[in-house]
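Keep in mind it's a predicted model, so treat the numbers as computed, not measured. So you know, we letter chains A, B, ... as the sequences are listed, proteins then strands, and number each from 1.
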Number of protein chains: 2
Amino acid sequence: MSQAFRLKQSIEDAVMAGEFRPGDRLDEASLAERFGVSRTPIREALLQLGAEGFIDVRPRRGAIVSVPSPTRLFEMFETMAEIESACGRLAARRLTPENDAAMEAAHRACELDVRQGDSEQYYADNRNFHEAIYRASRNSFLADQAFALHKRLSAYRRIQLRARNRLLQSLQEHAGILEAIRAGDEQLAASRLHSHVLVQGERFSDMVLGLTQDRSAPAGTRSGAGR
Amino acid sequence: MSQAFRLKQSIEDAVMAGEFRPGDRLDEASLAERFGVSRTPIREALLQLGAEGFIDVRPRRGAIVSVPSPTRLFEMFETMAEIESACGRLAARRLTPENDAAMEAAHRACELDVRQGDSEQYYADNRNFHEAIYRASRNSFLADQAFALHKRLSAYRRIQLRARNRLLQSLQEHAGILEAIRAGDEQLAASRLHSHVLVQGERFSDMVLGLTQDRSAPAGTRSGAGR
DNA sequence: CATGTTGAGATTGTATGCAATATCAAGATT
DNA sequence: AATCTTGATATTGCATACAATCTCAACATG
């Protein structure tokens, strides 16, 4: 497969792994050297990531890892809540045994993780659970949108789950969601999913908003005390 | 501003104008010649359009205007219905005088177009009306998602509105939606928007796929049997 | 007659070079 | 001292060249 595709994935991974922090510049020359290719495929990967909203590509000024404002971030979580609840609504309407089984399996895995207090593994299995719901909507386009947004938010979501009690609460919410979907209660499934997702956004906002009123001077950037 | 950006817009416009039909190849050399640039910025534009889902870029095999299957298309409309109803729900909750005025103005314009039977102009003003609702959600990220999907579907939507009585029906639905949003009735606004959008998908489906079930061979499409 | 093979031409993928623009620090001006 | 130029340097944007792969039709083979 083409290099640009592999590079796109690698750069995305590096960003998600936190190797590049929000605000960091992604300059073409260093990336080219790092991956042992010329600037051309790097540019192509960056432009694609930019089109997907993963990074910010400013004409003539290079690409940076996007720095959503607290407001923007909350909007993203709110949108995720709307999309997920739509998935839940459709899942409740259309549930098949296969999809039910997939959700069940993912939920069981999450249970185990909580019992073992393995928050890192919970993070992964939580993702599987949510993706099982997306698929259960039996609308692959909607599911794709949900996947994409989930991925964009995962960096922020991960921080959330570090809190121990949140882990247990999350699991209990999953149980309630699953129950509603199985009961075919579209309304309930939608509203439970909505708050399950939104609470994360709210918690995160609280956390971030505590620090920055509006003028974010994101800590950690080598901002110019210089002058 | 950079050429690639302008080109991206131009190619998108050409696709939306129907100059390239679904399934047509977008080969780099001819586009480069047409726009008087080299292949490099053309590639960059195509890759970005591909990342946005507007076209299909198949590695080593060039880009084509995507040809959503009837099923996929219906899924896209269903997703649009979910997103729009989310916008409506939030708009009902958060309506400001400014957003109200904007929706009102767009609605008035649509009324005038119907009275004059100008379906082409209605097409444009209808878009404004819907975009006014997106903005009224006061969630700019959600609104951006809605814009993008609306754009991707507009080619199919346009065909819909050609039918005369559909024009009037559409207008009446708009009135109902506006009323619900103003009344602050989130549920009603959401459900009215949902069916307003979905009915287009359904009509389109009926048109294209009277034979949905799974039997392929979409009769009547010129790209069906191909070569 | 159907199917597999092959090779020329066409098209995409990547590297490199140069032009255009942005960045930033040192010096000029008030 | 603060702000405004200005030029050197770094970085991006685009064009061109070449390499890698695909396409497709003519031919060979059973």
Side-chain angles (χ1 to χ4, degrees), chain A residues 1-12 14-15 19-67 217-218 221-227, chain B residues 1-12 14-15 19-67 223-227:
Chain A
M1 199 163 275
S2 68
Q3 295 221 49
F5 184 78
R6 220 193 316 281
L7 290 169
K8 187 176 142 211
Q9 197 61 44
S10 302
I11 295 172
E12 193 180 303
V15 170
E19 186 172 344
F20 300 107
R21 324 264 284 287
D24 283 359
R25 284 199 52 185
L26 299 167
D27 89 285
E28 301 171 0
S30 8
L31 287 170
E33 190 181 16
R34 162 171 178 167
F35 291 109
V37 298
S38 80
R39 280 174 47 221
T40 307
I42 295 286
R43 274 181 71 81
E44 294 183 348
L46 290 178
L47 287 168
Q48 288 180 77
L49 289 170
E52 288 171 14
F54 224 88
I55 63 176
D56 251 39
V57 181
R58 308 157 304 171
R60 281 272 172 211
R61 305 191 53 209
I64 63 171
V65 179
S66 27
V67 192
T221 56
R222 38 137 222 182
S223 64
R227 103 181 186 90
Chain B
M1 197 161 282
S2 68
Q3 294 220 49
F5 184 79
R6 220 195 316 282
L7 289 169
K8 186 177 144 213
Q9 197 62 43
S10 303
I11 295 171
E12 192 180 303
V15 169
E19 185 172 344
F20 300 106
R21 322 268 267 308
D24 283 359
R25 286 199 49 183
L26 299 167
D27 89 286
E28 301 171 0
S30 1
L31 288 170
E33 190 182 17
R34 163 172 176 165
F35 292 110
V37 298
S38 81
R39 279 174 49 221
T40 306
I42 295 285
R43 273 181 70 79
E44 294 182 348
L46 290 178
L47 287 169
Q48 288 181 78
L49 290 170
E52 288 171 16
F54 219 86
I55 63 177
D56 251 38
V57 180
R58 306 157 305 171
R60 282 273 171 212
R61 305 191 53 208
I64 64 170
V65 179
S66 28
V67 193
S223 51
R227 302 183 172 272

Distance check needed: [N] [atom2] versus [X] [atom1], whole Å only.
X	N	atom1	atom2	answer
A/Arg58	D/dT12	CZ	C1'	12 Å
B/Phe5	D/dC14	CZ	P	12 Å
B/Gln3	D/dT12	CD	P	18 Å
B/Leu31	C/dT12	CG	P	9 Å
B/Glu33	C/dT11	CD	C1'	15 Å

Tell me the closest heavy-atom pair linking A/Ser66 and A/Pro22, and the distance in Å. O-CB, 3.6 Å

Exercise: identify the closest heavy-atom pair between B/Val67 and B/Gly23: CG2-N, 3.3 Å

Residues passing the side chain to side chain contact (heavy atoms under 4.5 Å, CB included) test with B/Phe35, sequence neighbours excluded, are B/Leu7, B/Ser10, B/Ile11, B/Leu31, B/Val37, B/Ile42

B/Arg25: partners by side chain to side chain contact (heavy atoms under 4.5 Å, CB included), with sequence neighbours left out: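 So B/Arg25 forms a side chain to side chain contact (heavy atoms under 4.5 Å, CB included) with B/Asp27, B/Ile64.
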
Answer with base, sugar-phosphate or nothing: what part of the nucleic acid does B/Ser2 contact at a heavy-atom distance below 4.0 Å? sugar-phosphate

With B/Glu12, which residues qualify under salt bridge (Lys or Arg N to Asp or Glu O under 4.0 Å), at least two apart? B/Lys151

Please identify each residue that fulfils salt bridge (Lys or Arg N to Asp or Glu O under 4.0 Å) with B/Glu19, with sequence neighbours left out.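 With sequence neighbours excluded, B/Glu19 shows a salt bridge (Lys or Arg N to Asp or Glu O under 4.0 Å) to B/Arg34, given in chain and number order.
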
Classify every nucleotide of nucleotides 6-11 of chain D by which part a protein heavy atom approaches to under 4.0 Å, writing B for the base, S for the sugar-phosphate alone and - for neither, in 5'-to-3' order. -----S

Could you list all the salt bridge (charged side-chain N to carboxylate O under 4.0 Å, His left out) pairs where at least one residue sits in residues 54-64 of chain A, not counting sequence neighbours?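 Non-adjacent pairs meeting salt bridge (charged side-chain N to carboxylate O under 4.0 Å, His left out): zero.
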
Side chains of residues 44-53 of chain B: which donor-acceptor pairs under 3.5 Å do they make with residues two or more places apart or in other chains?
unit_1, atom_1, unit_2, atom_2, d
B/Glu44, OE1, A/Arg43, NH2, 3.3
B/Glu44, OE2, A/Arg43, NE, 2.8
B/Glu44, OE2, A/Arg43, NH2, 3.3
B/Gln48, NE2, B/Glu44, O, 3.3
B/Glu52, OE2, B/Lys8, NZ, 3.0

Does a side-chain N or O from B/Ser38 land closer than 4.0 Å to OP1 or OP2 of D/dA15, or not? yes

Those residues of residues 42-57 of chain B lying under 4.0 Å from DNA chain C by at least one heavy atom: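 Hits under 4.0 Å, by residue number: B/Arg43.
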
